[in-house]
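Working notes for the structure below.
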Amino acid sequence: QLTTRIRRDYRALIPLLRHRYEPENPAVKAILNTPRDIHMSIDAALQLRTSDILGRHLTQLGKQEGAVVIMDPATGDTLAAVSYPWPSQAQFASLATGSQASPPDPNLLDRARFGLYPPGSSFKIVTAIAALRKDPSLAQQHFDCIRLPDGRVGNIVWKREIRDDIKDTHPHGSVDMQKGIVVSCNAYFAQLGAHSVGAKMLYDTASELGISVAQPNTPEKLQQFLPQASYGQGQVVASPFQMARVAAAIANAGNAPQGRWIIDETNPRVRPPQQLLPAPLANQIAGYMRSVVTSGTGSALRSSTIPIAGKTGTAELAKAPSHAWFIGFAPYGAKNGKQIAFAVLVENGEYGGTAAAPIAGDIVAAARQLGLI
């Protein structure tokens, strides 16, 4: 039986008890004069618009759960973080007072920041980053995508068949990094990771983005599932917040912001961005992500008047429909202008290009209307 326990730490208030008859004591004054405002980076208007967009799309899709994170790629400030479903007014009141009589509803998990999911093909951007960090010439390395004996499309890596999506009815042929990202070829990324990138480089790159790639999360364990992990399957798990950081790193010329939603001096995450890639290499991946929208798996956004760069994800599950992802940024090609980076997740939405990408398109349009880009 589940029970709820609430623990409160009052250690910071000990000076008030110790010096309760000494109102002028410096320790007492320090507590009483400490600012208690919390400064958040959330843009209230965008948060509300995003909540409406996500809820509306999920209803249209007949889905129950999803999440969106929107980030300023230059600063890492989280502009919106929406998790669906959200608590009712009565549940909000109960949570605020700590008076709920029964355990919290597990379905009210903050999916945006703390939900962990296989990222599927959206993780291919991390593998591409790792490859270019190791050797920029790997962008031109080709691997084959062929017809497998069972009729599916893919290739055999480490004596195991790696299949592309069942809707990929024709082999992709000889594939380089650009084509691999645009058509989202699992066979290409499985070979790239297993034969060229290696477990150590992929582990290091993912770790710098806060993403776990194995259980336990070590290069040695990753090595066992390296072909699958390289296209976001295996034991890879990530939150929408972490995947928004991936998109932000590309938008921010290879510099990954730490990401934050508390922006005052109490937040230890207020640190400068960390360089993952030199700007020319990051811009190279950005160009591939733009081609995903103009001619690849994200073509549902091709007609957007605001140029969007992104990557779809269809994360396969053993006994349920795939999770649908779309990560990216907009406007693509902005010169010294404001941008947003984002990650959209639709639980069991099946295809990122059809379920998650349209949500991203509406969010980008809303950000433009609000003057954020």
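The residues of the chain are indexed from 1 along the displayed sequence. These numbers come from a predicted model, not from an experiment.
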Notebook entry, point to check: Are K311 and Y288 in a cation-pi contact, defined as NZ or CZ under 6.0 Å from the six-membered ring centre and within 45° of the axis?
Noted result: no
Item checked: Check against side-chain hydrogen bond (donor to acceptor under 3.5 Å, both in side chains), D165 and Y351 -> CA-CA 10 Å; D165 189 80; Y351 286 100; 2.9 Å; yes
Next item on the list: Flag the pair R113 and D110 as a salt bridge only when some basic side-chain nitrogen lies within less than 4.0 angstrom of an acidic carboxylate oxygen.
Entry: yes
Checklist line | Salt bridge R56-D362, side-chain N to carboxylate O under 4.0 Å | finding: yes
Note to self: Taking R133 first and then E208, would you say they form a salt bridge - that is, a charged N and a carboxylate O separated by under 4.0 Å?
What the structure shows: yes
Note to self: Tell me whether S184 contacts the main-chain N or O of G180 through its side chain, where contact means a donor paired with an acceptor under 3.5 Å.
What the structure shows: no
Notebook entry, point to check: Is there side-chain contact between V237 and V213, with at least one heavy-atom pair below 4.5 Å?
Noted result: no
Margin query: Other residues, nucleotides and ligands only: do more than 12 of their heavy atoms fall within 6.0 Å of CD1 on I166?
Written below: no
Item checked: Test: K63 and E65 ion pair at under 4.0 Å -> no
Notebook entry, point to check: Above 12 or not: heavy atoms from other molecules or residues under 6.0 Å from CZ of R18?
Noted result: no
Note to self: Would you say that E347 contacts R111 through its side chain, given a criterion of any heavy-atom pair below 4.5 Å between the two side chains?
What the structure shows: yes
Checklist line | Shortest non-hydrogen contact between M71 and G259, atoms and distance | finding: CE-CA, 4.2 Å
Checklist line | Where A248 and P257 come nearest, the two heavy atoms and their spacing | finding: CB-CG, 3.8 Å
Next item on the list: Report yes if some heavy atom in the side chain of Q141 is under 4.5 Å from a heavy atom in the side chain of H195; otherwise report no.
Entry: no
Note to self: For the aromatic rings, using the six-membered ring if either is Trp, is the centroid distance between W261 and F241 under 6.0 Å?
What the structure shows: yes
Note to self: Less than 4.5 Å apart, side chain to side chain, heavy atoms only: is that true for V197 and L192?
What the structure shows: yes
Next item on the list: Look at D164 together with R152 and state whether they make a salt bridge at an N to O cut-off of under 4.0 Å.
Entry: no
Notebook entry, point to check: Nearest 0.5 Å, what's the CZ-CG distance between F329 and D72?
Noted result: 13.5 Å
Checklist line | Derivation of the side-chain hydrogen bond (donor to acceptor under 3.5 Å, both in side chains) call for K134 and S196 | finding: CA-CA 9 Å; K134 185 171 185 178; S196 299; over 6 Å; no
Next item on the list: Supply the atom-to-atom distance E161 CD to L148 CG, rounded to the nearest 0.5 angstrom.
Entry: 5.0 Å
Note to self: Quick check on I38: does its CD1 atom have over 12 non-hydrogen neighbours (other residues, nucleotides or ligands) under 6.0 Å away?
What the structure shows: no
Item checked: Any H323 side-chain heavy atom under 4.5 Å of L317 side chain -> yes
